[in-house]
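For reference, the structure discussed in these notes is given below.
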Amino acid sequence: MADSPDPAPNADKDKEKAKEARAHFIEQIIRADLESGKYGGRVHTRFPPEPNGYLHIGHAKSICLNFGLAEKFGGLCNLRFDDTNPVKEEQEYVEAIRDDVRWLGFDWGDREFYASDYFEQLYQWAEKLIRQGDAYVCDLSAEEIREYRGTLTEPGRESPYRNRSVEENLDLFRRMRAGEFPDGSRTLRAKIDMASPNLNLRDPVMYRILHAEHHRTGDQWCIYPTYDWAHGQSDSIEGITHSICTLEFENHRPLYDWFLDRLGVHHPQQIEFARLNLTYTVMSKRRLLELVQEGHVRGWDDPRMPTICALRRRGYTPESIRAFAERIGVAKFNSTIDIQVLEQCLREDLNRRAPRAMGVLDPLKIVLTNYPEDRVEELEAINNPEDPSMGKRLVPFSRELWIERSDFMEDPPRKFFRLAPGREVRLRYAYIIRCDEVVHDPKTGVVTELRCSYDPQTRSGMPQQRKVKGTIHWVSCAHALSAEVRLYDHLFRVPDPGAERDWREDLNPQSEEVRTNCFVEPSLRGADVGARYQFERLGYFCVDPDSTADHPVFNRSVTLRDTWAKIQKKETRK
RNA sequence: UGGCCCCUAGUGUAACGGCAGCACGACUGACUCUGGAUCAGUUAGUCUAGGUUCAAAUCCUAGGGGGCCAGCCA
């Protein structure tokens with residue numbers, strides 16, 4: 001009996017092994033490098049945004065990846081702004097990016113860098129390449145360079161300026177820096193191979209003349225390095241071990257390798273992964289910018305946007321976004337994630353943490369005819385059934401109440417568990433009531449009021465002798481706080497906007513519905529901007545900055561899962 | 001049309017020549033004073049065709065499908 005072998009150690013080992021094996025491919029590469037001692041056991045990554053727009057959920061994936069990997073392997077992750085194009089970049093974006101990364105929960109310590117920090121070093125390295133005969137000043141215009149480059153199927157032709165002497169190149173390049181030539185008149189090019197099947201290797205431009213004010217270096221420079229020339233070397237300077245980037249830079253890797261090798265400097269390993277695509281949204285910076293500029297949304301932080309600041313305003317938590325990044329994984333396959341995965345991550349997080357409250361979005365008045373007119377009861381309600389430590393609160397109850405219009409049907413279908421003429425329902429944390437009479441507007445026929453009776457023996461907490469199928473939420477009319485609630489739906493009405501027609505035509509005209517006539521329980525008075533609640537049976541809501549002390553504005557972050565809606569949908573399909 | 005990369009349940013992702021697994025979804029049931037949450041269960045997959053091998057999702061070849069590249073953008 002005592003001698004039966006204990007399977008636990010092996011099972012644990014297997015589990016451990018399985019867990020380790022489940023690591024995504026970038027992690028596996030890093031583990032291998034750690035084992036072989038490739039970078040002296042170091043892991044150093046970086047998140048390199050260009051400060052020309054706001055960060056979106058796709059960037060969040062990259063941020064979580066880069067900072068997460070560093071954290072996991074006891075390494076570091078830098079924040080570096082790739083600011084090589086002064087005409088597009090602004091300080092405003094730098095600050096927004098910093099806020100967003102910090103909000104997501106990551107810390108880059110004192111390692112906030114800028115590609116522009118390296119302009120002088122880059123310049124010196126460019127001279128070195130010229131001296132080595134690896135770069136030359138080219139007088140071809142932009143159009144001519146394009147013509148000379150060839151096409152996907154035909155090789156390019158060599159520039160007539162390709163074989164200038166080192167002395168002439170150095171002289172010309174220094175005069176470019178000195179500002180002797182107008183914009184676009186000359187470039188510095190790497191001398192590689194005009195016949196390469198990889199177009200990035202057909203003598204790519206390293207410097208262009210641009211008499212533009214840079215947000216950090218001012219008018220110190222009139223030549224600016226291209227991204228291709230700056231990026232790999234910036235990583236090298238910072239001692240980055242693993243340069244993680246998206247798939248479209250795969251074709252550039254041979255170029256970056258070439259630069260690093262010619263320079264003979266520290267050579268990080270570039271690893272490419274698939275960027276995030278989400279259904280019912282757009283993610284390209286250009287389209288996001290157009291959404292803002294053309295007024296399809298109210299701004300970068302409009303809660304319908306996929307930007308980090310918009311998700312924040314909408315009520316997303318950093319934890320939910322990080323959980324999302326974890327859940328979707330990392331691979332090289334170009335996939336599209338269903339936006340519901342993101343929404344579900346929010347629900348899971350908020351279900352555990354958000355206090356509950358009652359709010360009525362589409363009010364219908366009910367009068368409890370057998371409840372004394374001047375009576376008010378303070379009923380006990382649980383703040384979060386998932387977390388008893390969040391305690392309880394008192395909610396006032398009285399004769400006249402608001403309930404949700406959709407919780408009543410005059411002619412209910414089967415499976416409708418809510419209120420209907422002659423039917424009973426429980427008022428959450430209160431009594432079971434019965435609908436005795438329906439009052440209509442004599443002109444329109446619209447239901448204006450329900451006259452109900454309550455059963456005093458059924459107050460919440462009393463020993464229950466009978467059960468009812470449905471429980472609905474309510475707010476006492478006399479005590480209700482009036483509120484505005486903004487209901488959001490997907491910004492686009494199709495999963496892949498722009499696939500069939502201009503993406504603008506795919507905008508969802510019902511992506512925002514503002515309800516100004518809502519009532520919430522009085523405990524919500526003075527709720528802090530950014531506070532998140534679950535309105536029972538409806539969804540999660542977040543206090544918008546547009547709120548005032550007496551008139552809160554709530555954004556619906558996400559609905560609760562709605563089984564009833566699902567049943568309805570199925571019924572109508574039949 | 002040239003080059004590079006990719007293809008595993010509905011979706012996403014593991015398996016690194018040796019039993020195709022996990023998560024989410026969907027479906028069924030239990031429970032429930034949120035039609036929420038939770039719990040239990042079911043469902044379903046290696047793009048195709050050859051080859052190598054005792055053994056192929058994995059290696060090779062061909063085909064199919066998809067992505068990226070012809071900015072002095074990043």
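These numbers come from a predicted model, not from an experiment. Here is how names work: the chains are called A, B, and so on, in the same order as the sequence lines, proteins then strands, and each is numbered from 1.
Out of C72(B), C24(B), G35(B), the shortest distance to the side chain of Val341(A) is found at C24(B). Side-chain proximity of Glu248(A) to the nucleotides G12(B), C68(B), C72(B) is greatest for C68(B). The side chain of Tyr227(A) sits closest to A74(B) out of A74(B), G25(B), C5(B). Nearest to the side-chain atoms of Arg327(A) among the listed nucleotides A70(B), A23(B), G35(B) stands A23(B). Ranking G35(B), A70(B), C24(B) by closeness to the Gln344(A) side chain, first place goes to C24(B). Of the candidates G12(B), G35(B), G36(B), G36(B) carries the atom nearest the Arg356(A) side chain, counting heavy atoms from C-beta on. Taking the side chain of Leu199(A) as heavy atoms from C-beta on, and the options G35(B), A70(B), G12(B), the nearest nucleotide is A70(B).
The CG atom of Asp100(A) sits 13.0 Å away from the OH atom of Tyr93(A) when rounded to the nearest 0.5 Å.
No N or O donor and acceptor, one from the side chain of Arg146(A) and one from the base of G71(B), sit under 3.5 Å apart. At a cut-off of 3.5 angstrom, the base of G3(B) holds no donor-acceptor pair with the side chain of Glu250(A). In the interface, the side chain of Gln28(A) is paired with the base of C16(B) through a donor and an acceptor atom under 3.5 Å apart. In terms of polar N and O atoms assigned as donor or acceptor, the side chain of Gln534(A) comes within less than 3.5 Å of the base of U34(B) in a complementary pairing.
Ile29(A) and Gln269(A) make their closest contact through CG2-NE2, 3.7 Å (heavy atoms, listed as atom of the first residue, atom of the second, distance).
Of all nucleotides present, none satisfies the Watson-Crick or G-U wobble test against U8(B) with each distance under 3.5 Å. Applying the Watson-Crick and G-U wobble criteria (two distances, each under 3.5 Å), A56(B) pairs with nothing in any strand. Nucleotide C39(B) forms a Watson-Crick or G-U wobble pair with G29(B), both donor-acceptor distances falling under 3.5 Å. For C73(B), there is no paired nucleotide, since no Watson-Crick or G-U wobble pair has both relevant distances below 3.5 Å.
Computed from coordinates, the Phe25(A) CZ to C6(B) C1' distance equals 11 Å when rounded to whole Å. For Phe333(A) and G66(B), the CZ to C1' distance is 7 Å, given to the nearest whole Å. In this structure, the CG atom of Asp257(A) is 14 Å from the C1' atom of C4(B), given to the nearest Å. Asn198(A) has its CG atom 16 Å from the P atom of G2(B), to the nearest Å. If you take CG of Leu560(A) and C1' of G36(B), they are 4 Å apart, rounded to a whole angstrom. One atom, CZ of Arg208(A), and another, P of A74(B), lie 4 Å apart when rounded to the nearest Å. The distance between atom CD of Glu343(A) and atom P of A23(B), rounded to the nearest whole Å, is 22 Å. Regarding Tyr148(A), its OH atom lies at a distance of 20 Å from the P atom of A70(B), rounded to whole Å.
With P as the reference atom, C22(B) and A15(B) are 15 Å apart, rounded to whole Å. A gap of 49 Å separates the P atoms of C19(B) and G71(B), to the nearest Å. A14(B) sits 31 Å from G51(B) when the P atoms are compared, rounded to a whole Å. Atom name C1', nucleotides G10(B) and U61(B): the rounded distance is 32 Å, in whole Å. Between C72(B) and A23(B), the distance separating the two C1' atoms is 46 Å to the nearest Å. Rounded to a whole angstrom, the distance from the P atom of A9(B) to that of A44(B) is 14 Å. If you take atom C1' in G36(B) and the same atom in C73(B), they sit 47 Å apart, rounded to whole Å. Nucleotides U52(B) and G66(B), compared at atom P, are 31 Å apart to the nearest Å.
The glycosidic torsion of G71(B) lies within 90° of 0, placing the base in the syn range.
Between the side chains of Glu536(A) and His473(A), no donor-acceptor pair of N or O atoms lies under 3.5 Å. A donor atom on one side chain and an acceptor atom on the other are not found under 3.5 Å apart for Tyr114(A) and Glu89(A). Counting only N and O atoms by type, the side chains of Glu521(A) and Ser523(A) include a donor and acceptor under 3.5 Å apart.
Contacts of Lys469(A) with the nucleic acid, taken as non-hydrogen atoms under 4.0 Å apart, are absent. If you check every strand for non-hydrogen atoms under 4.0 Å, Thr563(A) touches sugar and phosphate atoms only. If you check every strand for non-hydrogen atoms under 4.0 Å, Arg426(A) touches a base. Residue contacts shown for Arg466(A) are absent, as no nucleic acid heavy atom lies under 4.0 Å away. Nucleic acid contact class of Tyr224(A) (heavy atoms, under 4.0 Å, all strands): none. Within 4.0 Å (heavy atoms only), Glu50(A) reaches sugar-phosphate atoms of the nucleic acid but no base atom.
Remark: the backbone N or O of Phe119(A) is not paired with any side-chain donor or acceptor of Tyr224(A) at under 3.5 angstrom.
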Given side-chain hydrogen bond (donor to acceptor under 3.5 Å, both in side chains), test Gln457(A) with Tyr431(A) step by step and report yes or no.
-> CA-CA 8 Å; Gln457(A) 299 310 306; Tyr431(A) 300 91; over 6 Å; no
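Between Glu250(A) and Lys332(A) there is a salt bridge, since a side-chain N of the basic residue sits under 4.0 Å from a carboxylate O of the acidic one.
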